[in-house]
> 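First the structure, then my questions, so here it is.
Quick note on labels: first sequence line is chain A, next is B, and so on, each numbered from 1. Values in this document were obtained by computation on a predicted structure and should not be read as measured data.
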Protein chains: 2
Amino acid sequence: MNKMITIKDVAQKAKVSTATVSRVINGNYPVSDQVRENVMATIKELGYRPNVIARSLKCNKTYMVGMVVPDISNNYFMDIARGVESVLSPLGYSLIFCSTDENTEKELRLLNALNERRVDFVLLASSTQDSGKLKHFIDQGMNIIMIDTKLDELQTDLVVEDNHNATYKLISYVIGQGHQRIGVVNGLMGVSTARERYEGFCQALTAHHIPIEPSYRVEGAFDRMTAYEEVKRMLQRNMHDLPTALFAANNDMAEGTMMALKEMGLRIPEDMSLVTFGDINIPELIEPRLTIIAQNAGLIGQKAGELMIKRDNNTQEDREYEKIIIPAEIIIRDSVKLMDH
Amino acid sequence: MNKMITIKDVAQKAKVSTATVSRVINGNYPVSDQVRENVMATIKELGYRPNVIARSLKCNKTYMVGMVVPDISNNYFMDIARGVESVLSPLGYSLIFCSTDENTEKELRLLNALNERRVDFVLLASSTQDSGKLKHFIDQGMNIIMIDTKLDELQTDLVVEDNHNATYKLISYVIGQGHQRIGVVNGLMGVSTARERYEGFCQALTAHHIPIEPSYRVEGAFDRMTAYEEVKRMLQRNMHDLPTALFAANNDMAEGTMMALKEMGLRIPEDMSLVTFGDINIPELIEPRLTIIAQNAGLIGQKAGELMIKRDNNTQEDREYEKIIIPAEIIIRDSVKLMDH
DNA sequence: TTGAAAGCGCTAACAG
DNA sequence: CTGTTAGCGCTTTCAA
């Protein structure tokens, strides 16, 4: 290991105190021009780089943010991350990404690690219902900002989508196209997004006096494989009376659903209509173009970042927690068949 | 902010010294069972969590590794990251991901930030040719492990793919199918992967006495949009004499190429054959199935992680740097047309 | 405007 | 086995 050059070395060489060097670096206290230039020159000469770790210890601030999401490979979360980064990176923050794989235990373990690392904030898309454990972290002073999902019992800042309304509108559209037998490919109901999207779904059916058919419903992890397998199974068990349309509750499940349909030889939309919450990967290459709820992941990230900054500048403990709801837009394309009445 | 509970609080309450508490936590020095249990109980009672920052400062080790890649949204790099994580996470390391967008300046800026953060290692898929600047970091004691790309002038551990040979084989196969006019959609030649893949490509043509047609060559950033636009332009300018096959030098460019082909109404493989280095997203949904070089991203990450651990355990400065070359396998599917001779 | 000095929370000699 | 103590590199009073 190369010997580390410290503020002390700089001070010595420049014949000033370490305090002065510190002041020059941070520019937060007056320093005479002459001294500043001298110190600057010495810093460059020695190739000195401030040690962020030492600073963190002293200042009790790490300029690190943890981002805990179910699946880091999902583009939706990567897009959120980019949004966050666009706001935070210029301020000197670094992001630590963590994938929970929708596993409560892993989620808790990751949060614990981030807690010990003393990250300044955690952006959390939780897959757990264990608000008690999360509350424990908050009580310990951890700054959690929830994204995508929420836990009602928890006092945190929050950036989520308008799951219920968006789904309601989307399903209403499907019904308007003449569909009566609509299936739903959903995540685990323990997660708020799954719950809210399902409620929107049900409410749309109910509002149009369509009974909800439990056997058309699939529930599982929010991922491609689960959707693929469960949809296959669901369709097989309903072979005698297939649904005419399917609603996939996220982008990954949409892809899995399409894989299942393809394998079973069911064409979209001729044999089965499909609508989804969030868009699939490379939609440009896939036929037909899907009718979807377009999410605004970048904006979610950006808002979360801004919330963080706001809270960071405002040390008053009693500031209200903010709930930001990002509207989601419906994009009608070609994956819903117009049924004869 | 909640008052932080320190090792001192624990020591006081348990009526032992801080050293003893430290020993109990780390388990690296003998402590009597009785004392240990007492301390453990106190830790739990107080909800004490060790402060990793303080530990880092003292031990000169952060248990953080930076991962710097051109595009964090590219599944290839995410897969590498997962491989790395599978090795490192159990050892208590956290990963900081950074995207350079193939921008040299940004790459250097990110490396600098990681350097100041005193990450233990950096896994770098570099897009720059400026080995001088990188060498500067290494001289400062930064531990860089190069992945995917390499810089010949640089003394580092290395995990890369067998770009040249894999491409040679793939293109030879294409030629074997009767193709003589083969285009290449490549990344910037400043990057080693682009260079090596191009060399493999050229060598295959040359070995079969096929002249290299410069106007069939596209060069640009390793991303989807670039490929899409440049391929469109390239095909338009060769309308009178199109290539019969295209080689895309990475997964993103393959997708962009497919978008261009689709838009121009060229079917794969009837009108244009396509082979690629690395597979596209959701290949299950795309027709036809592509003939590709299958990368083993997870293995690259794993090897890089292992290299890191090895170096970490071996403080001898003089240890040889290791060059690991991951073989890449060709998967023949349906995207190359058999030409009449 | 500058310097001296006291820590931030932790670990690791060293001494007992 | 356990306690004392000296820092890790930095910031920030407090005094000058």
> Mind calculating the distance between CZ (A:Arg55) and C1' (D:dT11) to the nearest angstrom?
9 Å
> Nearest whole angstrom, please: distance from the P of D:dC8 to the CD1 of A:Ile5.
15 Å
> Which sits closer to the 5' end of DNA chain C, A:Ala54 or A:Val35, going by the nucleotide each is nearest to?
A:Val35
> How close or far is atom C1' of D:dC8 from atom CZ of B:Arg118, stated in whole angstroms?
12 Å
> When the distance from CD1 of B:Ile7 to C1' of D:dG3 is rounded to whole Å, what number comes out?
13 Å
> Can a side chain N or O of A:Asn28 be found less than 4.0 Å away from OP1 or OP2 on D:dT12?
yes
> Do the charged groups of A:Asp139 and A:Lys135 touch, with an N to O distance under 4.0 Å?
yes
> Give the nucleotide from the list C:dC10, D:dT11, D:dT2 with an atom nearest to the side chain of B:Pro50.
C:dC10
> Provide, to the nearest angstrom, the distance between the CD atom belonging to B:Gln12 and the P atom belonging to D:dT4.
12 Å
> Both B:Asp33 and A:Thr6 contact DNA chain D. Taking the nearest nucleotide for each, which residue is further toward the 5' end?
B:Asp33
> For the pair A:Glu45 and A:Lys13, find out whether any cationic side-chain nitrogen is under 4.0 Å from an anionic carboxylate oxygen.
yes
> Can you check whether A:Tyr48 has a side-chain N or O nearer than 4.0 Å to OP1 or OP2 of D:dC10?
yes
> Could you check which of D:dT2, C:dG9, C:dA5 has an atom nearest any side-chain atom of B:Met4?
C:dG9
> Which listed nucleotide (C:dG3, D:dT12, C:dT1) is nearest to the side chain of A:Ser22?
D:dT12
> Does B:Lys61 form a salt bridge (Lys or Arg N to Asp or Glu O under 4.0 Å) with B:Asp312? I'd like the steps, not just the answer.
CA-CA 10 Å; B:Lys61 180 145 178 56; B:Asp312 205 38; 3.3 Å; yes
> To the nearest angstrom, how far is B:Lys61 atom NZ from C:dC10 atom P?
19 Å
> Using OP1 and OP2 only, check whether a side-chain N or O of A:Asn51 sits under 4.0 Å from D:dC8.
no
> Do B:Arg82 and A:Ser73 meet the criterion of a side-chain donor-acceptor pair at a distance under 3.5 Å?
yes
> Rounded to the nearest 0.5 Å, how far apart are CG of A:Leu111 and CD1 of A:Ile138?
10.0 Å
> Ignoring the backbone of A:Ser17, work out which of C:dG3, D:dT12, D:dG3 is nearest its side chain.
C:dG3
> From the options C:dT1, D:dG9, D:dG3, select the nucleotide whose nearest atom is closest to the side chain of A:Leu57.
D:dG9
> Measure from NZ on B:Lys8 to P on C:dC10 and round the result to the nearest Å.
11 Å
> Checking only heavy atoms, does the side chain of B:Lys58 share a donor-acceptor pair with the base of D:dG7 at less than 3.5 Å?
yes
> Which nucleotide wins on minimum distance to the side chain of B:Arg23, given the candidates D:dC10, D:dT4, C:dC10?
D:dT4
> Give a yes/no answer on whether the side chain of A:Ser32 brings an N or O atom under 4.0 Å of OP1 or OP2 in C:dT2.
yes
> With sugar-phosphate meaning primed atoms plus P, OP1 and OP2, does A:Val21 contact a base, only sugar-phosphate, or nothing at under 4.0 Å between heavy atoms?
nothing
> Between B:Tyr93 and B:Val87, does a side-chain contact (heavy atoms from CB on, under 4.5 Å) hold up when you go through it step by step?
CA-CA 9 Å; B:Tyr93 285 88; B:Val87 177; over 6 Å; no
> Rounded to whole angstrom units, what separation is found between the CG atom of B:Asn38 and the P atom of D:dG3?
11 Å
